[in-house]
Amino acid sequence: SLDANKFEMMIEGLQGKLGVLTGGKTISSAKMINAGLNSQRSGAKQLSDLNTKVEEYIKEEELEGEVETKITDKGLTVRFTGKVLFDLGEAEIKDNAKEILNNMTEFIKTVPNDVMVEGHTDDLPINNSDFPSNWELSTTRATTVIRYFIEQNNINPIRLSAAGYSKYKPIVANENWENRMKNRRVDIVILRMDQQEEDKEVKLDG
């Protein structure tokens, strides 16, 4: 949310530093505040409209229960649960999942927002020559989707980022096979415009 009072104080301070006098032409803090709010509303509506289109696609393809969407403070999350994209313990995209990702690409290309792909696993340990732990598995799955978007669908790499969270962000308790299948997921998050600006600032500070 935009704090109008703080924003107005910032504008007044900026006017003073620029040598702008109150009697002359000044920056209208009210107009700038309204512009910021209008931009936020426009971005929120854009994600809402996109969410509607993705939900329609899910219904048309009978993917309910396997693919779901959710709008959060972070943005629009398209969640692929269970074995939609990958077989158990694998990080190679299944052939019948590629068409789904191709369609997701078309949705992504309709908006300018950055996209983060997040990999998650259940709590069952894995230890083989490819993946010493669930950290490697979740991260590899996320980067595999990123590479597919770039190499097969020509999404600008600058818009994309990947993260792997292993077993540490379950959406339900890992107490049975069905729940574990839900926690084994890949989230494609279309970030809110203000969220991606915050992420960029954090990266610069780091």
Side-chain angles (χ1 to χ4, degrees), residues 47 50-108 113-153 155 157 159-192 195-196 199:
L47 285 185
L50 182 58
N51 180 52
T52 299
K53 293 177 182 178
V54 175
E55 286 184 336
E56 289 174 353
Y57 167 74
I58 291 171
K59 290 179 181 179
E60 289 174 2
E61 298 299 319
E62 299 181 349
L63 293 170
E64 297 99 326
E66 298 293 338
V67 184
E68 56 189 41
T69 67
K70 184 177 182 180
I71 293 181
T72 68
D73 291 341
K74 196 171 184 179
L76 169 60
T77 297
V78 183
R79 176 164 293 157
F80 296 83
T81 59
K83 299 180 180 180
V84 178
L85 300 182
F86 303 100
D87 286 324
L88 183 64
E90 300 292 334
E92 182 177 346
I93 298 172
K94 297 166 67 172
D95 287 339
N96 59 0
K98 292 177 180 178
E99 184 62 28
I100 298 175
L101 290 179
N102 292 341
N103 284 302
M104 274 305 305
T105 299
E106 296 306 312
F107 293 124
I108 290 171
N113 307 55
D114 288 348
V115 177
M116 174 175 281
V117 180
E118 302 175 347
H120 302 267
T121 68
D122 59 27
D123 64 340
L124 297 178
I126 186 171
N127 187 353
N128 57 40
S129 58
D130 293 322
F131 309 112
S133 75
N134 280 318
W135 285 110
E136 286 80 8
L137 177 60
S138 63
T139 303
T140 303
R141 284 178 169 177
T143 55
T144 298
V145 173
I146 291 285
R147 286 185 58 190
Y148 188 84
F149 281 155
I150 295 170
E151 296 173 1
Q152 303 300 321
N153 291 285
I155 294 182
R159 296 181 59 192
L160 303 171
S161 58
Y165 293 104
S166 184
K167 63 181 181 180
Y168 294 102
K169 288 193 175 183
I171 53 177
V172 291
N174 283 296
E175 57 188 11
N176 54 51
W177 182 256
E178 183 178 342
N179 281 9
R180 287 190 173 95
M181 187 168 63
K182 292 178 180 178
N183 288 329
R184 293 193 301 271
R185 67 194 191 277
V186 172
D187 290 347
I188 298 176
V189 186
I190 301 170
L191 297 170
R192 293 163 56 104
Q195 176 68 44
Q196 65 190 50
D199 289 345

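When reading the values below, keep in mind they use all heavy atoms of this one structure, side chains included, and skip hydrogens, waters and symmetry mates.
For the side-chain contact (heavy atoms from CB on, under 4.5 Å) with Phe149, the qualifying choice from Thr144, Ile108, Asn102 is Ile108, the only one to do so. In summary, of the residues considered (Asn183, Asn179, Thr121), a side-chain hydrogen bond (donor to acceptor under 3.5 Å, both in side chains) with Asn174 occurs for Asn183 alone.
Crowding of Glu64 atom CD: a count of heavy atoms from other residues, nucleotides or ligands under 6.0 Å exceeding 12. Within 6.0 Å of atom NZ in Lys98, more than 12 heavy atoms from other residues, nucleotides or ligands are found, so the atom counts as buried in its surroundings. Under a cut-off of 6.0 angstrom, the local environment of CD in Glu106 is crowded, with over 12 non-hydrogen atoms contributed by other residues, nucleotides or ligands.
Arg184 forms a cation-pi arrangement with Trp177, by the criterion of a distance under 6.0 Å to the ring centre and an angle within 45° of the ring axis.
Looking only at distances, a side-chain donor or acceptor of Ser133 sits under 3.5 Å from a matching main-chain atom of Trp135. With hydrogens and angles ignored, the 3.5 Å screen pairs no side-chain donor or acceptor of Ser138 with any backbone N or O of His120. Although no hydrogens or angles enter the test, the distance criterion places a donor-acceptor pair under 3.5 Å between the side chain of Arg159 and the main chain of Asn113. Remark: side-chain polar atoms of Thr143 are paired, donor with acceptor, to backbone N or O of Thr140 under 3.5 angstrom.
In this model, no donor atom of one side chain and acceptor atom of the other lie less than 3.5 Å apart for Glu55 and Thr52. Side-chain N/O atoms of Asn51 and Thr69 include a donor and acceptor closer than 3.5 Å.
Between Leu101 and Ile188, some side-chain heavy-atom pair lies under the 4.5 Å cut-off. Between Val115 and Val189 there is no side-chain heavy-atom pair separated by less than 4.5 Å. Side-chain contact between Ile58 and Glu56 is absent, with no heavy-atom pair separated by less than 4.5 Å.
Rounded to the nearest 0.5 Å, atoms CG (Leu76) and CG (Leu50) are 5.5 Å apart. Between atom CD1 of residue Ile93 and atom CG of residue Asp87 there is a gap of 12.0 Å, rounded to the nearest 0.5 Å. Rounding to the nearest 0.5 Å places CG of Leu137 at 5.0 Å from CD1 of Ile126. Distance CG/Leu63 to OG1/Thr81: 9.5 Å, rounded to 0.5 Å. Taking CD1 of Ile100 as the reference point, atom NZ of Lys94 lies at 9.0 Å (rounded to 0.5 Å).
Phe86 and Phe80 have their aromatic ring centers separated by at least 6.0 angstrom.
Residues that satisfy the ring-ring contact (aromatic ring centres under 6.0 Å, His included) test with Phe131, not counting sequence neighbours, are absent from this structure. Among residues two or more places apart in sequence or in another chain, the side-chain contact (heavy atoms from CB on, under 4.5 Å) test is passed with Ser129 by none. Qualifying side-chain contact (heavy atoms from CB on, under 4.5 Å) partners for Glu178, counting only residues two or more places apart in sequence or in other chains: Asn176, Lys182.
Ion pair Lys167/Asp122 not flagged as a salt bridge, since none of the NZ, NE, NH1 or NH2 atoms sits closer than 4.0 Å to an Asp/Glu carboxylate oxygen. Salt bridge present: Glu118 and Lys74 bring a charged side-chain N and a carboxylate O closer than 4.0 Å. Ion pairing of Asp123 with Arg180 is present here, as a side-chain N (NZ or NE/NH1/NH2) and a carboxylate O approach within less than 4.0 Å.
Minimum heavy-atom separation, Arg79 to Asp187: NE-OD1, 2.9 Å. Between Ala142 and Ala163, the shortest heavy-atom contact is CB-O, 3.5 Å. The two residues Asn134 and Pro125 make their nearest non-hydrogen contact at ND2-CA, 4.0 Å.
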Next item on the list: I would like to know whether Leu85 and Arg141 meet side-chain contact (heavy atoms from CB on, under 4.5 Å); could you show each step before the answer?
Entry: CA-CA 9 Å; Leu85 300 182; Arg141 284 178 169 177; over 6 Å; no

Item checked: From CA spacing to verdict: side-chain contact (heavy atoms from CB on, under 4.5 Å), Met116, Asp114 -> CA-CA 7 Å; Met116 174 175 281; Asp114 288 348; over 6 Å; no

Margin query: Using the rule given for side-chain contact (heavy atoms from CB on, under 4.5 Å), can you reason through Arg147 versus Gln152, listing the C-alpha separation, both sets of side-chain angles and the distance that settles it, and then say yes or no?
Written below: CA-CA 8 Å; Arg147 286 185 58 190; Gln152 303 300 321; over 6 Å; no

Note to self: Does Met104 form a side-chain contact (heavy atoms from CB on, under 4.5 Å) with Val78? I'd like the steps, not just the answer.
What the structure shows: CA-CA 9 Å; Met104 274 305 305; Val78 183; 3.9 Å; yes

Margin query: Show, in sequence, the C-alpha distance, side-chain angles and deciding distance for Tyr57 and Asn103, and conclude whether the side-chain hydrogen bond (donor to acceptor under 3.5 Å, both in side chains) test is met.
Written below: CA-CA 9 Å; Tyr57 167 74; Asn103 284 302; 3.1 Å; yes

